[in-house]
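Given the structure is predicted, the values throughout are model-derived calculations rather than measurements. Numbers restart at 1 for each chain; the letters A, B, ... are given by sequence-line order, proteins then strands.
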Amino acid sequence: MMFGTYNPSNIESKWRREWQLSDLYRALESQGKPKYSCLDFFPYPSGEGLHVGHCRNYIPTDVLSRYMRMRGYNVLHPMGWDAFGEPTEHYAVTHGVHPRETTDRSTENFRRQMELIGTSYDWSREIDSSQPEFYRWTQWFFLKLYKKGLAYRSTNWQWWCPTCQTTLSSHEVSAGVCWRGHQGVVKREIPAWYFRITAYGDALLDGLDDLDWSDRIKNIQRNWIGKSEGCEIIFRTEAGEALPVFTTRPDTVFGVTFFLLAPEHPLVQKITTDDQRTQVAAYSAQTAHLSEIDRMTETREKTGVFTGSFVINPINKSHIPVWIADYVLPSYGSGAVMGVPAHDERDYELARNYDLPVKVVILPPGTSPGASLDEAYLGPGEMINSGEFDGLPSDEGSERITDYMETHKLGCRKVQYRMRDWLISRQRYWGTPIPIVYCQNCGEVPVPEEQLPVLLPNMDDFRPDGSGRSPLGRAAEFVNTTCPRCDGQAHRETDTMGGFACSSWYFLRFTSPHYDQGPFEEEAMRYWMPVDLYVGGIEHAVLHLLYARFWTYFLADEGLVPFKEPFTKLLNQGQLMGTDGLRMSKSRGNVITPDSMVEKYGADALRVYELFMAPFDQDVNWNDDGINGARRFLNRTWNLYSKTYLESTAASKKDKELERELHKLIRNVSQRIEDFRFNTMISALMEFVNLLGERYQTGNWRTETYHRVLETLIILIAPAAPYIAEELWHQTEHDGSVHIQDWPQWDAKLAEDETVQIPIQVNGRLRALVEVVKDADQKEVETAAFESPKIQQHIGEGKVKEVIFVPGKIMNILIDQP
RNA sequence: GCCGAAGUGGCGGAACAGGCAGACGCGCACGACUCAAACUCGUGUUCCUUCGGGAGUGUGGGUUCGAUUCCCACCUUCGGCACCA
């Protein structure tokens, strides 16, 4: 053997070339093997390249994929590029380079970096969502949605990010900051395309129950969908116009003392009386100037203005004053609310500010009727001042009043969602063109399927110009077209789809990435899908992960896929922060690249360190010294193989012991990979390597068992450290790749210890350890325990009261102190 | 405010169907190698201690022979939602 010292850079570049030339990681359908699809969220190919934080996603899935392959599965482990959309375009704009060019450059660099760290992706299945062969099918799905009425155009108040210069969906905006991190998002009233995700609100909510996802992310989605069950009650103006309101508390309808409209409500103009018009107009103008963020601050003073009009409460025909108030949101429910100050905190505040009457209709337990409230009472209680419903418990009253509304056609049960429809229009260049034309005669016309793809025109000047309109509007040859229906003059929709349209179905494309008769080849899709394991960051909890579920539910309803949930199991890796505890970013200067770490320590050391540094799902800071520990471990491992020994005949006791340790190791490594507990998987390997170094390398000890153990160890290390494993495999005179070897099996019997150390406690305090055979009974352990001088000393003159014994675990001797 | 997750050495963390707390690694100290440093290797490393032992897993209670693990109350941190009627 020609072992030198461990030199990762030579080893790694050699095997990287070998693997590229071989078909080692090609995913193949059906050879009588079970399948396993293991996907990473596909990344935005940014020009900055990958940092070690990205690797925290790719390394663990690579370990699992390698493990599953060795376990005999057909593994689908592909990679692709979420190339359309804001992240890529932003980079192109700031660097003044066309996004086509930056995309191609970036994806090449990403692929290089991923190969550098030894990932086993099947590159023959690489996809790029910005290529016509891909986005053609994104458009095809759009048309499917359109035909079902699930894609529609509407003019509403939308979120608009002045930095991105585009509309955004509500999912992409939080506290006035867009998902790209820009402040100052505002509302604009412009036409835009929507996907009707709200039609699937209930289904998406119910589907969560059976998913193998973390409770954390399921709760985020539940919260986001925000289902409320209640009653829609129709109030009427004195002129007879219907004003429905949604309430979760129909039991309080007798307590309505005012009625509220959002200042934007379309009826405000109409019902405002002349003498109130000035005040109402002033208040509306003031509301319009408030930013949406200010408006949604709970602590704001509750204000409002009387419109001069009244509505009639259908339950008791009382006439109720109509006010406008900015705490009523135009976008939720009907933009109107019944004001019940006695039983709603916000209404109570408004009533207090304007001396409006407060009518108690739910009696708090333990109080007497007529006592005044000094805050709104929100809990349950006995109904009072509620006509025929008096005396009922409020929860039952809710049902009875709802029944009453339904039988008298005054209202009905209703479910309301907080989630809004998904706004898909982007007034940006780098996206999938929306396949719609506007004809002078026919109006809005979908592009026929056979005319797809609607190609994105190549434009030198792709930047938004501040007009608020899509740059595509400046490409005359793109815009001007003929109507597919009447051949008349028409123009194309110039908005593109946000990138989340592409990512809503890309996982299906991996099953047949070059198929051109449809978005995917049916048989391949049925073979590989749904995704068995999906891994990525938590930041997509209500973006990609909700959209993709919606999209797949729709495809299931269309009969295009035989399942509703696209991702059977989902795991979210923890974030890897810089050494300063902050997110890695170029502007902070705390970015650590895999390139620099691979150069200094080797890819295997980087992989081992990232697996070992913390539990998979936990945030952790990078530690410059930590990776060196991983490198030392690999050195120690290497040295096990590079040392030479004198031959020796069998040392039977040591052989048996070693065999046992090996079977424990196989069990530990296997189980911990499957459970995504990579940190303890690595520590098990470290312990084993330490053990070999300490106990089996001193002296001239080299038996058949030892050889076999070393050989198995190479296989066990292979998923985590593929390069060193491959090199050792060949250095130890094996043919073929270690990565296609069968994973070793463990034998539970062989892994069992023959003797155990039983801790002996006296009055609950550890005093001694005794070594006994594994299944020793109480008597045997007692004998051993009472022989121990330590135990004798601690019992002393005391009298043994009781002995507690848990076989194989512990003995606790209880004594009375003299 | 509501919902969720989590608090263990100097640091990352391990152990939890209740049973030896601190595995493994980093750092640090000392030693070996070296002219020297780095690397590497070895030994030690929770705290206190009169060297017998005592204390100890965010805080205070509880259940138990026994609690990091279970129960109650609280504190802190981090996430999500947040005027949703």
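Of all nucleotides present, only B/C75 satisfies the Watson-Crick or G-U wobble test against B/G7, with each distance under 3.5 Å. A 3.5 Å limit on both hydrogen-bonding distances identifies B/G80 as the Watson-Crick or G-U partner of B/C2. The partner of B/C70 is B/G62, by the rule that a Watson-Crick or G-U pair needs both atom distances under 3.5 Å. Look at B/A29: its Watson-Crick or wobble partner, with both distances under 3.5 angstrom, is B/U43. For B/A23, there is no paired nucleotide, since no Watson-Crick or G-U wobble pair has both relevant distances below 3.5 Å.
Of the C1' atoms belonging to B/U8 and B/G58, the separation is 10 Å, rounded to the nearest Å. The C1' atoms of B/G9 and B/C28 are separated by 13 Å, rounded to the nearest whole Å. For the P atom pair drawn from B/U68 and B/A55, the interatomic distance equals 13 Å after rounding to whole Å. Rounded to the nearest Å, the gap between the P atom of B/A17 and that of B/C33 is 48 Å. Using atom P as the reference point in both B/C75 and B/U59, the two lie 15 Å apart (nearest Å). Taking atom C1' on both nucleotides, B/A23 is separated from B/G13 by 10 Å, rounded to a whole Å. Comparing B/C26 with B/A6, their C1' atoms are spaced 23 Å from each other, to the whole Å.
Residue contacts for A/Ile220: at a heavy-atom cut-off of 4.0 Å it reaches the sugar-phosphate backbone alone, with no base atom in range. Contacts of A/Arg418 with the nucleic acid, taken as non-hydrogen atoms under 4.0 Å apart, include base atoms. Within 4.0 Å of A/Arg631, counting heavy atoms only, lies no atom of the nucleic acid at all. Across all strands, A/Glu802 comes closer than 4.0 Å to no nucleic acid atom at all (heavy-atom distances). The residue A/Gly226 sits apart from the nucleic acid: no heavy atom pair falls under 4.0 Å.
Between A/Lys600 and B/C39, a side-chain N or O to OP1/OP2 separation shorter than 4.0 Å is absent. A/Arg765 has no side-chain polar atom (N or O) that falls below the 4.0 Å cut-off from OP1 or OP2 of B/G56. The side chain of A/Arg632 places an N or O atom within less than 4.0 Å of a non-bridging phosphate oxygen (OP1 or OP2) of B/C26. At the phosphate of B/G27, neither OP1 nor OP2 sits under 4.0 Å from any side-chain N or O atom of A/Asn628. For the OP1/OP2 pair of B/A85 and a distance below 4.0 Å, the side-chain nitrogens and oxygens of A/Ser228 include at least one atom meeting the criterion. OP1 and OP2 of B/C84 both lie 4.0 Å or more from every side-chain N or O belonging to A/Tyr417. One finds no side-chain N or O of A/Arg346 lying less than 4.0 angstrom from the OP1 or OP2 phosphate oxygen of B/G1.
The glycosidic torsion of B/G12 lies more than 90° away from 0, placing the base in the anti range. Base orientation of B/G52: syn, the glycosidic angle falling within 90° of 0.
Nucleotides of RNA chain B nearest to A/Gly333 and A/Val542 differ in position, and the one nearer the 5' end is that of A/Val542. The 5' end of RNA chain B is approached more closely, in terms of each residue's nearest nucleotide, by A/Asn635 than by the other of A/Asn635 and A/Phe246.
If you take CD of A/Gln575 and C1' of B/A6, they are 17 Å apart, rounded to a whole angstrom. As rounded to whole Å, 14 Å separates atom C1' of B/G66 from atom CD1 of A/Ile813. The distance from atom CZ of A/Arg583 to atom P of B/G79 is 11 Å, rounded to the nearest whole Å. Going from atom CD of A/Glu771 over to atom P of B/C20 covers 17 Å, rounded to whole Å. Atom CZ in A/Phe633 sits about 15 Å away from atom P in B/U40, given to the nearest Å. Per the geometry, CD belonging to A/Glu345 stands 11 Å off C1' belonging to B/C2, to the nearest Å. The nearest whole Å value for the distance from the CG atom in A/Asp215 to the P atom in B/A5 is 7 Å. In this structure, the CG atom of A/Asp624 is 15 Å from the C1' atom of B/G25, given to the nearest Å.
For A/Lys302 against B/C83, a side-chain-to-base donor-acceptor contact under 3.5 Å is present.
More than 12 heavy atoms of other residues, nucleotides or ligands sit less than 6.0 Å from atom NZ of A/Lys227. Within 6.0 Å of atom CD in A/Glu599, 12 or fewer heavy atoms from other residues, nucleotides or ligands are found, so the atom counts as exposed in its surroundings.
A distance of 6.0 Å or more separates the ring centres of A/Tyr348 and A/His343. Centroid-to-centroid, the aromatic rings of A/Tyr609 and A/Trp622 come within less than 6.0 Å.
The side-chain tip of A/Lys569 does not point at the ring of A/Trp213 from less than 6.0 angstrom away and within 45° of straight on.
A side-chain N or O of A/Arg549 and one of A/Gln221 form a donor-acceptor pair less than 3.5 Å apart. Side-chain contact check for A/Thr755 and A/Glu771: at least one donor-acceptor pair (N or O, by modelled atom type) lies under 3.5 Å. Side-chain contact annotation: A/Tyr283 with A/Thr303, donor-acceptor N/O pair under 3.5 Å present.
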request  = Determine, for nucleotides 12-19 of chain B in 5'-to-3' order, which nucleotides have protein heavy atoms under 4.0 Å from the base (write B), from only the sugar-phosphate (write S), or from neither (write -).
outcome  = BSSS---B

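Electrostatic pairing of A/Asp251 and A/Arg249 counts as a salt bridge here, judged by a charged N lying under 4.0 Å from a carboxylate O. Between A/Arg660 and A/Glu752, none of the side-chain N atoms (NZ, or NE/NH1/NH2) sits under 4.0 Å from a carboxylate O, so this pair counts as no salt bridge.
Between B/C20, B/G27, B/A23, one nucleotide has an atom nearer to the side chain of A/Ser683 than all others, and that is B/A23. Distances were taken from every side-chain heavy atom of A/Lys790 (C-beta onward) to each of B/G53, B/C20, B/C83; the shortest belongs to B/G53.
When A/Val542, A/Leu204, A/Asp202 are each tested for a side chain to side chain contact (heavy atoms under 4.5 Å, CB included) with A/Ile225, only one passes: A/Leu204.
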